[in-house]
Amino acid sequence: MSEYQHRARKRFGQNFLHDAGVIHRILRAIHALPGDRLVEIGPGQGALTEGLLASGARLDVVELDLDLIPILAHQFGNTPGFTLHQGDALKFDFASLGSEPQGLRVVGNLPYNISTPLIFHLLDHAHLFRDMHFMLQKEVVERLAATPGGGDWGRLSIMVQYHCQVEHLFNVGSGAFKPAPKVDSAIVRLVPHAELPHPAKDHKLLERVVREAFNQRRKTLRNTLKALLDSEAIEAAGVDGSLRPEQLDLAAFVRLADRLSEQSTAHSAQ
Ligand code: SAM
């Protein structure tokens, strides 16, 4: 325990883990080994940091709250392999940590207010990472791990599963945190695919098609995509335009995006 006192700040999404059983379960799931190169986002007061360092792995941490920096420096500053970065993980240049041949391992009990943009930021550099373990709102983990056909399947599921294999590991009740958040949480493991199972010709167009399709998830694809693809183009991609977006799997979205890519190439050649 630190001799410093720190009051949890809502604006930084601070809910500190204090349940030793949960902390151990998370550390076991991560299973850090000497020789690993870890990055922890939002170490806070070091609930996970201590166990991560005890593994003998190298650990870089990125913490935004200036008040926590001296606490972390005091607690871990002399531990070999520990590097402290003060800053916003949303702007952090993960490539600056060097390209580890085995990939960086990212860990974080994430501030819930920035978890989705942070995951998208990390996906932009997915090739750098061996795996990622996050504590998130349970509802977000359910969306990440969703399968087509249900209400959880959407932009987040598709864009994350495009890059990564997703495993919902276990749930964590709000009593494990101080202060206790209003919602339940869960631990998720994301493992970037060594080779994309459904590579799109243009990844940005996939994002566009998916965003457009789910803007109005109750409508048919023919309707939601009409600004991008007409009925014939949708059918040529092997997709039934009368379906709703949540009924389509990742491969079908990639076919639509590839169709849009071919269409754009044909137009620019005219
Ligand atoms: N890891 C600690 C734990 O499990 O007790 C703290 C988790 S707390 C939910 C989230 C942490 O992320 C806080 O320490 C907060 O200050 C930090 N944080 C919030 N926004 C951040 C950002 N944009 N970049 C880096 N750290 C951030």
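Just follow the structure's listing: the first ligand is 1, and inside any ligand the first atom is 1. As a basis for the values below, the full set of heavy atoms in this structure was taken, side chains included, without hydrogen atoms, waters or symmetry mates.
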for atom 18 (N) of ligand 1, nearest protein heavy atom and its distance come out as Pro111 CG, 3.7 Å
* Answer yes if the ring centres of Phe177 and His18 are under 6.0 angstrom apart, and no otherwise. => no
Hey, does the side chain of Ser185 reach the backbone of Lys138 with a donor-acceptor pair shorter than 3.5 angstrom?
no
Answer yes when Arg155 and Glu207 have at least one side-chain N-carboxylate O distance shorter than 4.0 Å, and no when they do not.
no
In ligand 1, the atoms that come under 4.0 Å of a heavy atom of Val62 are 25 (C), 26 (N)
Which atom pairs, one a donor and one an acceptor, fall under 3.5 Å between side chains of residues 19-33 and the rest of the protein, sequence neighbours left out?
residue: Asp19; atom: OD1; partner: Gly21; partner atom: N; Å: 2.9
residue: Asp19; atom: OD1; partner: Val22; partner atom: N; Å: 3.1
residue: His24; atom: ND1; partner: Ala20; partner atom: O; Å: 3.1

Atom 2 (C) of ligand 1: of Ala47, Pro43, Ala8, the nearest heavy atom sits on Pro43
among protein heavy atoms, the one nearest atom 17 (C) of ligand 1 is Glu63 OE2, 3.3 Å
Ligand 1 atoms nearer than 4.0 angstrom to some heavy atom of Glu40 are 1 (N)
Nearest non-hydrogen protein atom to atom 23 (N) of ligand 1, with distance, is Asp88 OD1, 2.8 Å
Open item on the list: What I want to know is whether Ala89 and ligand 1 share at least one N or O pair that is separated by under 3.5 angstrom.
Closed with: yes
Review point. Short N/O distance, under 3.5 Å, between Asn15 and ligand 1?
Key: no
Does Tyr112 have its ring centroid less than 6.0 Å away from the ring centroid of Phe134?
-> no
**Asked** Purely on distance, is any nitrogen or oxygen of Gln14 under 3.5 Å from one on ligand 1?
**Response** yes
Sorted by chain and number, sequence neighbours left out, side-chain contact (heavy atoms from CB on, under 4.5 Å) with Ala89 holds for Ile41, Val62, Leu118
